[in-house]
**Student:** 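Once you've had a glance at the structure underneath, I'll fire off some questions.
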Protein chains: 2
Amino acid sequence: MTFSEENYLKTIYHLTAVSDADISTNAIAEKMETKASSVTDMLKKLSEKDLVNYVKYQGVSLTEKGKLAAKMIVRKHRLWECFLVEKLDFSWDEVHEIAEQLEHIKSEKLINKLDDFLGNPTEDPHGDPIPDANGRIIKVEKQLLSEFEKNQMGICVGVKDTSSDFLKYLDKQEIALGSQIEIIEKESFDSSFRIRVGNKEITVSNKIASNIYIK
Amino acid sequence: MTFSEENYLKTIYHLTAVSDADISTNAIAEKMETKASSVTDMLKKLSEKDLVNYVKYQGVSLTEKGKLAAKMIVRKHRLWECFLVEKLDFSWDEVHEIAEQLEHIKSEKLINKLDDFLGNPTEDPHGDPIPDANGRIIKVEKQLLSEFEKNQMGICVGVKDTSSDFLKYLDKQEIALGSQIEIIEKESFDSSFRIRVGNKEITVSNKIASNIYIK
DNA sequence: TATAATTTTTAGCTTTGTCTAAATTTAATT
DNA sequence: AATTAAATTTAGACAAAGCTAAAAATTATA
């Protein structure tokens, strides 16, 4: 499988997680920052290889084979992110780009040894689950901070937006995986939140609160 | 720089280490298992980028820029090999193929952090030197076992042939980096050697002896 | 339900890196 | 020195993956 094919599968996998319905050509093109015509070409190719179910004009979904392949790429990506953060001391906003490259390294033995070396983690540095060697995923029930009400509290277990900008913002506010967060006030006007993180009180917008997972 | 460009630079670098003179198109083609015409095309491209000195029909050499780039690829390859053997517990005959992929990962920060994580090794698992971040190489004076005479002894510090077959043979004979080797007898008829490794005596052909470095 | 707007696909072109076959240059040999 | 042999380069073609522009299908709207 080529790098490009792997990137398409991964993108379709991630889009599927959100919407469930068949994925449109345009949605893929937008996410991959490419043109719809390029996507059409690739979908034909992936369909030939039985990795996706593709019907002209009707969108696309992953076959079981394609889903497993996509999960293996995600597995590699997230394990490498763990390695970068835990062993090489990268911060969580720096690892995505490098993992985008490392996820294409081909060696099952390598990835399984890496998995063991890291102590078989179940989540990456952003709180996203790591599929095991068979593609199984342990789902952790988690809620967005924005869905919480006044006086509730919980632990930050992940982020929805993993962009460098957002992660740097969280670093600045000293919000990290494992941070205890308590809702002090929910402003009904703009749905912003007054929260306590550790022993500091801060105000976060609804957009921020909609990208932090709490358990 | 593309993967392909990097592979050509690396090949020219390795061939230069052996012969010193300008490298021929055919030599590159043979080593890379490709066709001379493909090599010609790439040499033009690398020449355009000032990575090689190329004169039609006369062969090529690396420019300073090209040499540095090649050394950085070799650095990455050898550091990843160290990682695979020391941290992930691969054997020395398994790592080359995977390192061939990992050497193309682009991130200076990554490779320097990996270097530190490994304790800034100066040699890879086959005894080959690892260039530092500036391309400097610490040369260890070493001799081929085949150049030794009766009753001399030394420590195995590297191998010339790093093929999986040869390394597996060495494993079988319990010859590893750091093994003490003593020449008991040199057979003048076929230049084979009777040697002691640890406390075992074995006979090795001249071909074997010509691929083991001793200090 | 026609028509307009949007989405998707097709057709044809580009680049990268490869190949084969033919042409050219260099080296070797008589 | 002439001719043959070997090495190298050129010319032209191909596959992968991308693009633009035009055509076709679907969806939305009046």
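Hydrogens, waters and symmetry mates are skipped; everything else that's a heavy atom, side chains included, is used. Residue numbering restarts at 1 for every chain, and letters A, B, ... go by the order of the sequence lines.
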**Student:** Is the positively charged end of B:K71 above the ring of B:Y13, judged by distance under 6.0 angstrom from the centroid and angle within 45° of the axis?
**Tutor:** no
**Student:** Measure CG/B:D41 against P/D:dT9 and give the value in whole Å, please.
**Tutor:** 10 Å
**Student:** Given the ring of B:F117, does B:K87 sit roughly above its face, with NZ or CZ under 6.0 Å from the centre of the six-membered ring and within 45° of the axis?
**Tutor:** yes
**Student:** Without decimals, in angstroms, what is the distance between A:Q58 CD and D:dT27 C1'?
**Tutor:** 11 Å
**Student:** Under 4.0 Å between a side-chain nitrogen and a carboxylate oxygen: does that hold for B:R75 and B:E108?
**Tutor:** no
**Student:** Looking at B:Y54, I'd like to know if the NZ or CZ of B:K44 sits under 6.0 Å from its six-membered ring centre while staying within 45 degrees of the ring's axis.
**Tutor:** no
**Student:** Indicate whether OP1 or OP2 belonging to C:dA23 is found under 4.0 Å from a side-chain N or O atom of B:Y57.
**Tutor:** no
**Student:** Would you say A:T40 places a side-chain N or O within less than 4.0 Å of OP1 or OP2 belonging to C:dT9?
**Tutor:** yes
**Student:** Using only heavy-atom distances, determine whether the side chains of A:W80 and A:D124 contain a donor-acceptor pair under 3.5 Å.
**Tutor:** no
**Student:** Phosphate oxygens OP1/OP2 of D:dT10: is one of them under 4.0 Å from a side-chain N or O of B:K44?
**Tutor:** yes
**Student:** Rounded to whole angstroms, how far apart are CD on B:E48 and C1' on C:dT16?
**Tutor:** 15 Å
**Student:** Check DNA chain D against residues 6-15 of chain B and give the residues with a non-hydrogen atom under 4.0 Å, in numerical order.
**Tutor:** none
**Student:** Among residues 20-35 of chain A, which contact DNA chain C at a heavy-atom distance under 4.0 Å?
**Tutor:** A:S24, A:T25, A:N26
**Student:** Classify the nucleic acid contact of A:F3 as base, sugar-phosphate or nothing, counting any heavy atom under 4.0 Å across all strands shown.
**Tutor:** nothing
**Student:** Taking the six-membered ring of A:Y213, is NZ or CZ of A:K142 closer than 6.0 Å to its centre and within 45° of its axis?
**Tutor:** yes
**Student:** Consider the side chain of A:K56, meaning its heavy atoms from C-beta on, and name the nucleotide among C:dT10, D:dT26, C:dT25 that approaches it most closely.
**Tutor:** C:dT10
**Student:** Compute whether any side-chain donor of one residue and acceptor of the other, for A:H104 and B:Q101, lie under 3.5 angstrom apart.
**Tutor:** no
**Student:** For a side chain to side chain contact (heavy atoms under 4.5 Å, CB included) with B:I175, tell me which candidate from B:L167, B:I181, B:L145, B:V159 qualifies.
**Tutor:** B:I181
**Student:** Name the closest nucleotide to the B:S37 side chain, picking from D:dT10, C:dT26, C:dT10.
**Tutor:** D:dT10
**Student:** Which of these nucleotides, D:dG18, C:dT18, D:dT10, is closest to any side-chain atom of A:S4?
**Tutor:** D:dG18
**Student:** Under 3.5 Å, is there a donor-acceptor pair between the A:D116 and A:N112 side chains?
**Tutor:** no
